[in-house]
Structures are given as structure tokens and as C-alpha cells.
Amino acid sequence: MQKKIRAKFQELFQAEGSVFASPGRINLIGEHTDYNGGFVFPGAIDKGMIAEIKLNGTDKVRAFSVDLNSRAEFGLKESDAPSESWAKYIFGVCREIGKRGGKISGFDTVFAGDVPLGAGMSSSAALESTYAFALNELFGLGIDKFELAKIGQSTEHNYVGVKCGIMDQFASIFGKRGSLIRLDCRSLEYKYFPFNPEGYKLVLLDSVVKHELASSAYNKRRQSCETAAAAIRRRHPEVEFLRDATLEMLNETKAEISGEDFLRAKYVIEEVQRVLDVSAALERGDYETVGQKMYETHHGMSRLYEVSCPELDFLNDIARKCGVTGSRVMGGGFGGCTINLVKEEKYDAFIKEAFTAYKAKFGHEPKLYDVVISDGARQLV
Ligand code: GLA
């Protein structure tokens, strides 16, 4: 991939730039908890985005996406937003840096990636983190890593229209080879958990389903959580986010919020607790409990939060039938992958069954990715 990028950069700009990379992520548990001030458990993966960049001495950015074979040129003022949707991520990062007082000027860039798009592995965070990290280095801005992650998140909010939490960008920037990160999304305190469960494999099965309305449905989920948190706060002013609420507090508001908002909030309150249960289980090497919690998360995401789909529920059922230790839909949902914690001796039979049964039911096979937990944003050349 790097070779392809470098050849294209040479062809378009007759020069050589610096090369940066940022990964996508997995998340062991803690879904839709980040924007509720709760905990998450992500790790960076060995798939991501790579970009070559060189300052060009103008006030324009000239960008090329290898994967989409598309070129864009834009300025750095708010009114200069590009029309290409992929270029909005780069433009957004530049603008967000500018809003924080970072002075940047024009550059040439070519990028490509191997995080599957729409599979719930955060290809967009990988793209944002690549440019946030790279521009910080190239312009010597001295922005710290927390702020780099927030620059990516604000890009989603203000230039993409997804009111996401901080998990994906944080994992992409802070990732560490061999470790998952337990992150408190309110305080941004984090702890690395070396993750090498002996005798188990962590594998993703991609349903290859993408849902069109995923971003508006995502924002709607967030809205439900905020409505429920506000209702609880009327009785319990100390509740800033759903993370602070208990099921008892939620029950008190039952008559005041919609049935839908109630179910969404119930899922989040339970999920925040599950992340804590999983981190305790990991400390004692209890992968059976980790797996059981993953199934509980799937159930909650499917029935209460309603971000699963028939394909993902089917993959989850197969995992259960094959004796997989833990399985659940990963990421925002509405398509994408299941993440599966599976004993080595059950791996082959599970994968075979998943492929055969999925194809018989949906007419095409899922895709398989073995997870390698890797480093976060970095300069390659
Ligand atoms: C997406 C968002 C994250 C997070 C997850 C769900 O990946 O970008 O902030 O909310 O969904 O856990």
C-alpha cells in the first residue's frame, strides 16, 4: 500500500513527502457508552490509513484518494469546504486545528487505507487521526495527543454530521501493540491492558451489510440518551451523563420519557457496568465471564438499543451454537462486524459453520479478519 501511495505521489507532485499512518480499532466491550461519559475497551488494529504529505508553500490542499481514485483541491477557510465527501475529513481536521490556534498552510497529499469501509472498524477515525497527527508534526504545533483525538471527533461533529463519542479517535491515536485500552470517556483517564488470551483467538466476522441511514440513526440514539439523562437529572442533579445513573433512577422516570428512550437508556446503564465487570474479569484471566458479557451486550444492542440487524443476529446465533466463548455486534452497529472470542480448538469448526450457514441464508459469505492489536498514530518515513 505504501508503495502505491508513494508512486502516485511522485506521479502527481514529482516529489517525496513524509509518510504517516493511523489505525482503525476494535472494541472488546462498551458500545455507545462513550458519548454517555462511560467506559470503553478498544484497541488499535493492524489495518488503517497511510498518507504521504508534503507542504506546498501555497494556501491550498491538493489531495488524492487512491482507493476512490478521486482528486480534490480546497482552501483552508471555512467557506472553502470541498464537495467530495472523503475530502471533508481532511478539510475538517485542518479547520479544527485552526480553531485551536494551530497555524497551517497548504500541502499535497495522497492516501489509501485497508480498513474496510462501513465495517465498524472506524476507517473515518483512522483518516482523521492520520491527518491530525501528521499536521501536528509537520507544522510543529505541539498539540497533545488528547487534543489530537478531540480534533478528529470534532471533525465528525462539525464536518461529517456524526455526533460520535471519543472512542475511535482515542484508540487510533493512543493504540499500543498487544494492549487494549480501558478508557473513561468522561475524564479521559486510561489504562493499557495487555491482551493475549492464551488458548483463545479474537476474530471479526464482517456481515458486509451497510445501512444507509446509519449516521442519522446514530445521532438519534444519542438524542434518546440525552433525553433520558435530562429526565433523571430533574430528580438527581448530580447525574451529568447516563454513566452516573442507576436502573432505579431510570425506573423513576418511566412515565416521563418514551418507551423507546427508556430502553435505550437501560441498555447504556447496563453496558457501563458490563465494561467494569469485564475489566475485573480480565484482571483475573476469566475469559468465560468476558465472553458471557459480550453475549449480554449483543442482546442489549439488538433488543434494547436496536442497532443490530438480521445478519448480525444470525452470526451471533451461530457463534453461540458453535460454543464460541463470546460474540457480539461491534462498533456503532447497523451492519458491520461481530467480534468473537473463541477457543482455539473451536475456531475452525466455527468459521466453517459461519461461512456455510451465512451463505445459505444470505446468498454471500461473511468476511473474516483475525485481530492483531497494534500501535496508534505514527510517522513511517
Ligand atoms: C461509533 C462512534 C463511537 C462509538 C461507537 C459505538 O464507532 O464513532 O464514538 O459511539 O460507534 O460504541
Side-chain angles (χ1 to χ4, degrees), residues 22-45 47-48 89 92 115-129 132 149-175 180-186 188 190 204 206 210-211 213-226 229 241-243 264-265 267-272 274-275 278 293-294 296-298 300-302 304-309 312 328-339:
S22 267
R25 60 108 190 89
I26 54 144
N27 185 27
L28 184 64
I29 197 146
E31 227 57 272
H32 293 275
T33 46
D34 58 354
Y35 52 83
N36 287 298
F39 298 92
V40 292
F41 228 118
I45 53 174
K47 296 179 176 35
Y89 292 89
V115 207
L117 302 181
M121 288 183 239
S122 297
S123 51
S124 56
L127 184 58
E128 291 145 9
S129 302
K150 288 184 196 163
I151 284 171
Q153 183 193 20
S154 311
T155 298
E156 293 280 346
H157 288 196
N158 301 328
Y159 298 91
V160 183
V162 180
K163 302 290 179 196
C164 65
I166 191 74
M167 169 169 73
D168 303 352
Q169 292 79 8
F170 193 96
S172 186
I173 295 275
F174 283 82
L180 296 178
I181 313 167
R182 189 191 62 201
L183 171 67
D184 176 333
C185 296
R186 171 160 47 203
L188 295 189
Y190 65 102
L204 305 182
D206 185 352
K210 293 184 183 82
H211 285 252
L213 293 171
S215 59
S216 61
Y218 180 94
N219 292 347
K220 217 173 143 216
R221 295 300 181 284
R222 182 170 186 153
Q223 189 54 55
S224 287
C225 294
E226 284 167 9
F241 293 108
L242 281 182
R243 177 250 176 100
R264 307 298 191 240
Y267 161 77
V268 169
I269 294 169
E270 290 175 346
E271 180 73 352
V272 170
R274 276 191 288 268
V275 185
V278 161
K293 296 289 162 193
M294 291 168 76
E296 287 174 19
T297 295
H298 185 86
M301 287 179 84
S302 178
L304 305 179
Y305 220 62
E306 296 183 279
V307 293
S308 185
C309 60
L312 291 165
R328 65 175 195 82
V329 44
M330 190 184 75
F334 315 106
C337 291
T338 59
I339 177 167

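We count ligands from 1, going down the list as the structure has it; atoms in each ligand are counted the same way. Residues take their numbers from the sequence shown, with the count starting at 1.
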Ligand 1 contacted by Met330 (non-hydrogen, < 4.0 Å):
no

Identity and distance of the protein heavy atom lying nearest atom 5 (C) of ligand 1
Met167 CE, 3.8 Å

Can you report which non-hydrogen protein atom sits closest to atom 1 (C) of ligand 1, along with the distance?
Asp168 OD2, 3.6 Å

Exam field: side chain Arg25 to backbone Ser122, donor-acceptor pair closer than 3.5 Å
no

N/O donor-acceptor pair under 3.5 Å between Thr33 side chain and Phe39 backbone:
yes

Would you mind listing which atoms of ligand 1 come within a distance below 4.0 Å of any non-hydrogen atom of [X]?
X      : value
Tyr218 : 1 (C), 2 (C), 3 (C), 4 (C), 9 (O), 10 (O), 11 (O)
Cys164 : 2 (C), 8 (O), 9 (O)
Tyr35  : 10 (O)
Arg25  : 7 (O)
Gly165 : 9 (O)
Glu31  : 6 (C), 12 (O)

Non-hydrogen side-chain atoms of [X] and [Y] separated by less than 4.5 Å:
X      : Y      : result
Glu226 : Tyr35  : no
Phe170 : Gln153 : no
Val40  : Val275 : no

Any nitrogen or oxygen of His32 lying under 3.5 Å from a nitrogen or oxygen in ligand 1? Just yes or no.
yes

Does the N or O separation between Asp34 and ligand 1 drop below 3.5 Å for any pair?
yes

At a non-hydrogen distance cut-off of under 4.0 Å, which region of Met121 contacts ligand 1 (side chain, backbone, both, or neither)?
neither

Pairing of Arg264 and Glu306 as salt bridge, 4.0 angstrom limit
yes

Residue pairs passing the salt bridge (Lys or Arg N to Asp or Glu O under 4.0 Å) test where at least one lies in residues 27-41, sequence neighbours excluded:
Glu31-Arg328

